Amino acid sequence: MGDDASMRRFIGRDLVLGECPARACVELRGDPDDASFVRAVRTVTDLPLPLDPGRSAAGLLASILWLGPDRWLVCSDTQAGSDLAASLRAALAAIACAVVDVGAARIVYAVGGSNARAVLAKGCSLDLHERKFPLGHCAQTLLAKAPVLVHLSGAEPTFEIHVARSLRDYAWAWLRAAASEYAAEADDA
Amino acid sequence: MLAIIAAPAAGSIDLNRYSIFALARNALSRHENWPRAWRSPEPRRSYDVVIVGGGGHGLATAYYLAREHGIRNVAVLERGLIGLGNSGRNTTIVRSNYLWDASAHLYEHSLRLWEQLAGTLNFNVMFSQRGVLNLAHNPHDLRELARRVNANRLNGIDSEIVSTAQVKRLAPALDCDPRARYPVLGASLQRRGGTARHDALVWGYARAADAAGVDIIQNCEVTAIRQKDRRVVGVETTRGVIDASKVGVVVAGHASVLAAMAEIRLPIESHPLQALVSEPIKPVLDTVVMSNAVHVYVSQSDKGELVVGAGIDPYTSYSQRGSFPVIEATVSALVALFPSFGRLKLMRQWAGIVDVCPDASPIISKTPVRGLYFNCGWGTGGFKATPGSGHVFAHTIARDEPHPLATPFALERFTTGALVDEHGAAAVAH
Amino acid sequence: MLRIACPWCGARDETEFGYGGEAHVALPADAAQLSDAAWAEYLFMRSNPKGRHRERWVHTHGCRRWFNVVRDTTTERIFAVYLAGSPPAQLPDEPA
Amino acid sequence: MSQPKRTDAGGRIDRLRVLRFQFDGRRYQGYCGDTLASALLANDVHLTARSFKYHRPRGILALGAEEPNALVQLEQGAYTEPNVRATQIELYDGLIAHSQNRWPALGFDLGALNDTFSPLLPAGFYYKTFMWPASMWLRYEKAIRRMAGLGRAPCLPDPDRYDRMHAHCDVLVVGAGPAGLSAALSAARSGARVILADEQTEAGGQLLWERYDIDGHPAMAWVASVMAELAAAPEVRILARTLVSGYYDHNFVVACQRFDSPRSSAHAPRQRLWKIRAREVVLATGAVERALVFPDNDRPGIMLAGAVRGYLNRFGVTAGSRVVIATVGDDGYRTALDLASAGVAIAAVLDLRVRAAGFLPQQARARGIEVLTGQRIVATGGRMRVSAVRVQPFAGGTIREIACDLVAMSGGWIPTVHLFSQARGRLRFDARAGAFVPGEAMQPVRCAGSVQAAWLLHEALAQGFAAGGAAAQACGLEPARALELPQVSEPEATAADVALAHRGERASRRKQFVDFQADVTLADVGLAAREGYDAIEHLKRYTTAGMGVDQGKMGNANVVALLADARGEAAGTIGMSTFRPPYQPVSFSAIAGMDAGELFDPVRRTPMHEWHRRHGAVFEDAGQWKRACYYPRAGETLHASVQRECLAVRRGVGMLDASTLGKIDIQGPDAAEFLERIYCNPVRSLAPGRCRYGLMLKQDGMVFDDGVIARLAETHFLLTTTTGGAARVAAWLEEWLQTEWPMLKTYCTPVTEQYAQVAVSGPHSVELLAPLCSVDIRAMPFMSVRTGYVAGIGARIFRLSFAGGLGYEIAVPADRGYELWTTLMGAGERFDIAPYGTEAMHVLRAEKGFIIVGQETDGTVSPIDLGLDRLVRSDKFFIGQRSLARPDARRADRRQLVGLLTENPHEVLAEGTQLVAAPCTLARVAAEPVPMLGYVTSSYFSPSCGRSIALALVEAGVARIGQTLHAPLATRCVKVTLTAPRFVGDSDEVLHG
Ligand SMILES: Cc1cc2nc3c(=O)[nH]c(=O)nc-3n(C[C@H](O)[C@H](O)[C@H](O)COP(=O)(O)OP(=O)(O)OC[C@H]3O[C@@H](n4cnc5c(N)ncnc54)[C@H](O)[C@@H]3O)c2cc1C
Ligand SMILES: NC(=O)c1ccc[n+]([C@@H]2O[C@H](COP(=O)([O-])OP(=O)(O)OC[C@H]3O[C@@H](n4cnc5c(N)ncnc54)[C@H](O)[C@@H]3O)[C@@H](O)[C@H]2O)c1
Ligand SMILES: Cc1cc2nc3c(=O)[nH]c(=O)nc-3n(C[C@H](O)[C@H](O)[C@H](O)COP(=O)(O)O)c2cc1C
Ligand SMILES: [Zn+2]
């Protein structure tokens with residue numbers, strides 16, 4: 001983005017908020033009962049298509065998040081969005097499905113640390129308890145007034161919040177306000 | 001016309017008339033001798049007209065039937081207590097600045113009746129013409145307000161556009177900072193609009209209708225509508241069968257339930273509409289402020305509470321309760337418009353069941369069943385219409401033909417497509 | 001605030017959903033042939049019952065799927081949730 | 001000296017931490033742990049308020065939430081808060097409070113004249129007077145309003161921070177008294193996720209001030225051990241200072257937590273609203289004491305007996321030095337005994353019952369306290385403070401006057417069933433308790449303790465343990481093993497005869513208050529009943545009983561009982577008025593939480609927003625979007641800027657940020673068939689690579705949205721929608737696809753956010769773009785689309801223009817939008833390129849007669865009305881088709897889109913101006929309605945035409961083209977001529993004017 005290209009970051013008590021680098025994301029639509037579809041996705045991503053709500057699959061090349069019964073988000077840190085889309089499209093050419101590049105449509109904020117759940121609970125009605133929202137889980141919901149995709153991932157479990165690019169400022173302002181309670185004492189409020 | 005009909009029933013003229021003198025006289029007897037405001041009669045076997053629903057509209061209909069059409073053998077049948085439906089739970093905004101001619105004429109008719117109503121009924125309905133502001137927050141709002149104000153003026157309705165500075169003067173607590181998230185770019189103002197005391201409207205009509213001979217029968221739920229060859233012959237109630245060759249149904253949120261009893265289907269959905277009051281405070285707001293874009297409307301009652309109205313809940317319900325997110329949205333909107341109200345407190349919240357029509361306009365109509373009339377669909381905005389609605393509905397029933405002002409609001413419009421789409425005016429409930 | 005069990009995502013707050021009115025009001029196959037009255041019936045007339053209501057909801061802020069719900073409009077109790085396109089859910093205590 | 005009424009020892013206060021505070025300008029001291037009320041009482045201050053209607057002097061009556069009198073204005077300036085109960089304000093150093101509803105002073109209040117005139121002011125007096133003359137009501141009302149209300153609203157925005165927090169649990173326990181604590185404990189020991197909420201600063205409930213032993217130790221030791229265990233349990237959350245205010249459907253419970261004094265720290269919120277979804281709820285909300293109804297029962301110094309005991313035991317405050325206790329049960333004797341132990345003189349215990357033979361009365365007598373039975377209070381004395389009571393046997397006989405400075409009244413207890421009732425639970429009248437108690441529950445909720453009229457401590461503990469365990473079990477958890485009920489020693493006490501609470505002296509002419517908050521008296525209840533307002537809900541509204549700040553917590557029970565008496569019916573048959581949230585008032589700011597200020601509603605910005613801002617754009621709100629409206633150069637007005645921007649487009653080249661347009665990607669073998677049904681115009685015939693303008697109708701045949709349909713490939717489309725319609729249209733498509741046509745294999749994906757879109761318009765657009773594009777854009781036919789690169793960025797290039805004339809729209813991934821924009825601006829310098837905003841765009845499209853949905857349409861306009869019937873195909877099915885065949889849609893006199901030219905070319909009509917047949921003005925409100933023929937939807941000064949132009953919807957407008965109509969303005973009328981709705985032709989030639 002031309003405006004505020006600097007990555008946003010905030011560190012508080014047991015809390016880290018940050019903006020993630022852009023990543024390739026493709027929205028994939030298709031019929032999960034169609035074995036050829038599932039197989040084709042696997043050949044490109046080396047991952048099984050998660051078929052259960054809220055589940056995701058992560059691998060070296062990509063990760064796949066369940067979005068709906070016929071809808072997934074395929075993300076990759078290692079490929080460009082258009083390449084990812086192109087390889088999926090090529091593999092799925094003969095199958096009735098849709099591959100749509102949506103990488104530029106979203107901003108991903110990461111919320112980590114032991115206060116992460118408390119910060120998110122200020123605007124998110126999901127039960128984020130670790131038994132109810134375990135590592136690898138993902139869900140679409142609302143964070144305050146922003147539609148978001150929440151995904152708990154990483155070696156040091158971090159909530160990734162995907163939000164529409166146009167709401168980048170809103171979501172950040174909201175996260176900062178929600179986090180201000182955990183500001184390190186010397187920090188501004 | 002209306003002044004003449006103010007006289008209460010013969011025989012009781014002086015003793016029962018309310019006035020400061022009556023208060024003083026009764027003070028001497030420690031107020032032991034005030035009569036009942038309305039009788040509590042046993043239902044008779046038959047009436048000329050049965051009105052189903054003891055809300056403001058039903059009682060007003062009965063009153064005008066008796067006073068203007070000489071039909072006094074009338075019963076108002078109320079399922080529970082009179083005035084505890086929407087008439088008893090609305091935010092009391094009265095105005096007539098509607099967009100389309102048909103609505104403008106109907107609501108203006110009503111507003112003119114309001115202006116005389118305390119005298120007509122000999123009951124202080126506390127009609128307070130303190131002005132109603134509709135705020136504009138963006139160019140689109142401004143355009144729509146201008147269109148409506150111009151139309152109002154040509155329809156003989158007082159209405160004007162006021163600037164942000166004028167708005168600030170009328171409602172100093174409003175945040176008029178141009179940097180506000182929803183800046184106030186101006187407003188429309190109807191000075192003759194305002195608020196009234198909702199209970200007083202119901203009790204005033206009840207007392208006056210009773211004095212004119214109408215039987216008000218509470219705790220009497222209509223459970224069936226009797227008909228013969230598609231002609232109404234009476235109703236069944238929890239207090240027995242009552243015969244009548246004309247039945248007027250005015251049950252707001254329950255319209256579909258009554259319609260089903262007569263095998264009629266209506267284009268109505270019943271939704272919760274919520275409202276809330278703050279704790280009472282000294283005067284801070286002297287007009288009514290409404291905003292479509294942020295979805296809130298507020299006035300201050302004479303007792304001091306801020307009376308705040310919300311948008312309708314999205315789903316249908318008959319339970320007079322709404323959902324909390326609507327309260328959150330409404331209260332956030334209130335605080336956004338009036339940041340200094342933040343430390344005031346919510347004292348009570350409640351909901352009514354509003355009868356919503358696809359075009360946000362009422363139904364005042366004959367039905368496929370002869371002698372059966374429906375008056376419903378007032379949705380979020382029928383309190384203000386109570387006198388006018390009762391007046392034209394009484395005419396429709398008495399003459400078995402729609403009052404000219406009611407003609408556009410017949411059920412046929414859903415077949416022909418000639419809707420009276422007031423969504424613009426009613427995008428926010430009121 | 002309602003808690004609605006999306007058939008896919010599970011129980012979520014009402015705020016994530018959109019309400020779609022009465023269920024099983026199907027688009028008439030032969031709209032062009034219908035009388036104005038029959039068309040009005042389809043377009044506008046609703047049963048709006050006091051009691052059990054079969055209605056449509058969509059998980060707007062979740063999986064975006066439409067589905068049907070049986071809810072009591074006097075208590076807000078939800079009796080059943082079933083997929084869009086399936087026939088009206090029959091409850092055990094209801095006459096078929 | 002300071003704190004004259006403080007005992008030497010005892011209470012849960014920290015005597016080492018002295019706090020200074022002010023009330024009505026006077027300075028006082030209290031201790032940490034005090035409430036404002038306890039600190040005032042410690043300073044022997046009873047008079048704290050004036051009553052709502054009669055402005056009678058009022059003192060502190062109660063201990064907590066039920067306090068009806070002692071409402072104060074806390075703090076000043078932006079921090080001020082009206083109507084706060086002194087009994088619930090935790091004292092802090094520097095606290096400032098003022099009394100309310102008095103002028104000029106609490107001690108001397110002119111409003112008290114109302115009390116003098118009160119014979120004229122019975123319940124509902126205002127309905128009977130002020131009717132004449134009608135025009136005077138506004139004046140009367142003004143005076144009435146000034147008298148009414150209590151405290152004052154702040155004049156400044158609330159400076160504090162608030163937030164809301166969602167929480168989920170297995171078992172929510174409300175109330176941390178003995179019942180709630182044992183419930184939380186047993187649930188926690190089963191492994192449940194528990195939330196325990198109590199509005200008080202400390203757990204313990206009544207144990208904070210009652211003198212019980214549990215397991216042989218003072219009860220608070222048990223409380224401390226339970227709290228320690230709960231605090232250590234990983235799945236338990238303890239919320240102190242948290243008022244549970246609302247119980248909604250599906251076990252959704254709202255609670256408000258207070259963090260500290262009104263001046264909160266910079267970081268922490270002042271209050272937090274908890275939104276709790278509980279699988280099971282246990283209500284252990286306790287009970288509040290009932291007042292007695294007797295003449296002048298509202299004088300300062302007349303208090304609830306439990307409260308008097310509470311102030312003594314919890315705060316070390318003796319509220320009086322010579323006390324009369326009036327009671328209808330044994331509980332009052334507890335107060336007598338505790339006070340006596342603290343060395344306070346007990347003038348007498350007045351027991352309204354005929355017999356008082358229980359353990360506690362015996363103890364009192366044994367201590368030499370005089371006990372009078374079968375007597376009631378017939379009068380009280382004292383103005384600002386009670387000085388004496390007169391008592392008389394019920395049977396009649398001599399009246400005796402007893403001097404005192406404190407009356408402690410004990411009328412039995414009222415279970416706090418509010419939340420249970422809010423949860424739709426049915427209430428049941430418990431004749432033994434003389435009160436309503438929880439009956440059948442309608443949600444997963446259980447009750448325990450005195451909320452169920454279980455008055456004994458061991459019952460409260462047992463019920464709590466049982467309820468907590470059962471709740472955990474209902475969540476599928478194993479019941480905790482080895483739960484042992486603690487042992488309690490408590491004296492037996494006979495239940496109160498609550499019917500006596502309101503059966504005092506009926507004949508007195510003095511006021512006997514039943515609802516202190518709303519100033520409702522026994523006489524008011526009688527009057528309402530006589531006048532026919534004799535159902536509880538009517539009586540409530542007629543007298544306002546229960547409608548005050550306390551919502552009748554204390555008063556309603558007596559109101560109901562008195563009404564039953566008046567109707568000659570048994571108590572309990574009358575019912576209760578509806579309990580509604582909140583249980584206690586909650587601040588609006590807490591409910592709004594963080595949704596305030598700039599976060600009230602999200603602002604959406606395009607990828608190029610920063611550029612616009614830096615280049616001086618003035619923005620306008622379009623839904624949540626900020627759109628650049630125009631780009632004034634130094635000194636330029638809106639008008640000048642827009643004219644310049646328009647000319648740049650017509651003569652050179654201009655650039656518009658069109659990123660906010662909705663965009664939806666449609667793919668699948670049936671995509672064409674699907675869109676064929678969605679749009680009223682044909683879609684299937686569109687060739688790949690081509691675009692078409694499309695209109696969508698609602699089912700009622702009225703225009704819903706419009707945009708461009710681009711066919712990218714045989715089975716791949718891209719639609720644009722209006723900015724405001726993006727989400728609506730996407731939802732609309734999904735709805736049809738999923739619910740009506742699931743057999744159509746089509747996938748819709750909203751991609752509005754994925755693409756930044758730039759409209760490059762004007763004759764030089766091609767020269768500007770061609771060198772930057774990887775495809776030959778000159779070869780692109782009008783309304784076509786190609787994929788390629790623009791300035792090295794992967795892009796879709798559309799040849800189309802909403803401004804009319806030559807133009808292209810370039811869409812690139814949003815993260816490259818800024819780069820594209822700046823590159824094009826740079827390349828455009830050669831052509832004197834100008835950025836243009838939405839305002840210029842509106843002028844340009846109006847010149848060409850293009851509509852804007854939402855401006856030319858309002859949900860009542862059909863495509864035929866817009867003159868777009870040529871688009872509508874009759875040989876296929878599409879949504880809205882059938883409705884266009886209804887009689888009203890076919891009427892010849894429908895309003896139709898036309899152009900307007902004013903007589904004076906410099907006259908720009910305001911949008912929204914109405915049109916009429918004969919000249920008139922708006923100056924005076926017309927006596928007779930003037931028929932309106934239509935109105936102006938769009939109106940601008942067109943630089944291309946060199947004159948004003950307008951679009952309008954006019955009755956049978958097409959047939960009237962060429963005719964003249966009139967546009968009434970405030971003081972004059974403008975003549976307009978109807979034209980076709982198009983002012984500039986295909987090759988930019990001016991068509992009319
Ligand atoms: C929160 C809220 C705010 C509102 N704000 C405004 C406002 O500011 N301005 C405005 O103009 N309007 C407002 N309205 C709308 C207005 O309240 C209603 O349109 C109007 O009061 C309807 O009056 P009514 O007499 O038709 O209905 P009601 O007062 O609801 O009366 C209908 C009666 O019918 C009875 N009934 C139902 N079924 C039966 C049966 N089977 N047998 C016998 N009796 C039956 C009911 O018990 C009820 O008493 C608001 C509504 C609500 C809920
Ligand atoms: N002698 C009598 O006649 C008599 C009468 C009543 C109670 N009692 C005694 O009182 C005790 C009753 O114990 P209990 O646990 O039932 O009640 P309790 O009064 O001890 O505790 C109730 C707790 O609930 C809290 N609470 C109430 N509503 C709340 C809300 N909406 N939000 C948050 N907190 C709320 C209160 O602050 C209080 O701390 C027993 O010891 C009993 O013996 C005796
Ligand atoms: C205009 C208006 C003002 C109100 N003011 C108060 C008030 O001051 N105090 C109060 O407790 N309730 C007030 N209410 C709410 C009523 O108590 C009641 O909640 C409402 O009429 C709905 O009835 P219900 O709660 O019994 O269902 C008011 C209602 C209306 C319509
Ligand atoms: Zn879902």
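Here is the naming used below: chain letters follow the sequence lines, and residue numbers restart at 1 for every chain. Note that the structure is a prediction, hence the values are computed from the model and not measured.
Contacts between residues 92-102 of chain A and chain D, counted as heavy-atom pairs separated by less than 4.5 Å, involve A:Ala96, A:Cys97, A:Ala98, A:Val99, A:Val100, A:Asp101, A:Val102.
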### Check against ring pair (Phe, Tyr, Trp, His ring centres under 6.0 Å), A:Tyr109 and A:Trp172
CA-CA 8 Å; A:Tyr109 288 124; A:Trp172 182 252; 5.3 Å; yes

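Remark: A:Arg29 engages A:Asp70 in a salt bridge, criterion side-chain N to carboxylate O under 4.0 Å. Salt bridge A:Asp169/A:Arg176: absent, no basic N to carboxylate O contact under 4.0 Å. Between A:Glu27 and A:Arg71 there is a salt bridge, since at least one side-chain N of the basic residue sits less than 4.0 Å from a carboxylate O of the acidic one.
Looking at D:Asp670, neither its backbone nor its side chain comes within 4.5 Å of chain A, counting heavy atoms on both sides. Interface residue A:Ala178: backbone and side-chain heavy atoms are both found under 4.5 Å from chain D. Looking at D:Arg272, the atoms closer than 4.5 Å to chain A (heavy atoms on both sides) all sit in the side chain, from C-beta outward. For chain D, no part of A:Arg117 is nearby; none of its heavy atoms comes within less than 4.5 Å. Contacts between D:Cys169 and chain A at a heavy-atom distance below 4.5 Å are absent for every atom of the residue. Both the backbone and the side chain of D:Pro813 have a heavy atom closer than 4.5 Å to some heavy atom of chain A. In this structure, no portion of A:Leu120 lies under 4.5 Å from any heavy atom of chain D. With a threshold of 4.5 angstrom between heavy atoms, D:Val751 approaches chain A through side-chain atoms but not through N, CA, C or O.
Most heavy-atom pairs under 4.5 Å with chain A, from the set D:Arg164, D:Gln624, D:Arg605: that is D:Arg605. Ranked by heavy-atom pairs shorter than 4.5 Å toward chain A, the options D:Asp665, D:Thr822, D:Ile666 are led by D:Asp665. In terms of heavy-atom pairs under 4.5 Å with chain D, the best-connected choice from A:Ala121, A:Gly103, A:Ala118, A:Gly81 is A:Ala121. Ranked by heavy-atom pairs under 4.5 Å with chain A, the list D:Trp625, D:Tyr755, D:Trp274 is led by D:Trp625. When each of A:Ala146, A:Ala22, A:Cys124 is scored by its heavy-atom pairs under 4.5 Å with chain D, the top score falls to A:Cys124. Among A:Gly123, A:Ala177, A:Ser125, the residue making the largest number of heavy-atom pairs under 4.5 Å with chain D is A:Ser125.
Interatomic distance, D:His166 NE2 to A:Asp127 CG, rounded to the nearest 0.5 Å: 11.5 Å. Atom CZ of D:Arg193 is separated from atom CG of D:Leu172 by 12.5 Å, given to the nearest 0.5 angstrom.
Atom CG of A:Asp83 has more than 12 neighbouring heavy atoms from other residues, nucleotides or ligands inside a 6.0 Å radius. With a 6.0 Å radius and a threshold of 12 heavy atoms from other residues, nucleotides or ligands, A:Arg23 has its CZ atom above the threshold.
For the residue pair D:Arg161/A:Ser180, the side-chain donor-acceptor check at 3.5 Å is satisfied.
A donor-acceptor pair is defined here as one N or O able to donate and one able to accept, closer than 3.5 Å; no such pair exists between the side chain of A:Lys122 and the backbone of A:Ala179. Although no hydrogens or angles enter the test, the distance criterion places no donor-acceptor pair under 3.5 Å between the side chain of A:Ser166 and the main chain of D:Arg604. Here the side chain of A:Thr158 pairs a donor or acceptor atom with the backbone of A:Glu156 at under 3.5 angstrom.
Scanning for side-chain contact (heavy atoms from CB on, under 4.5 Å) contacts around D:Thr787 gives D:Arg796, with sequence neighbours left out.
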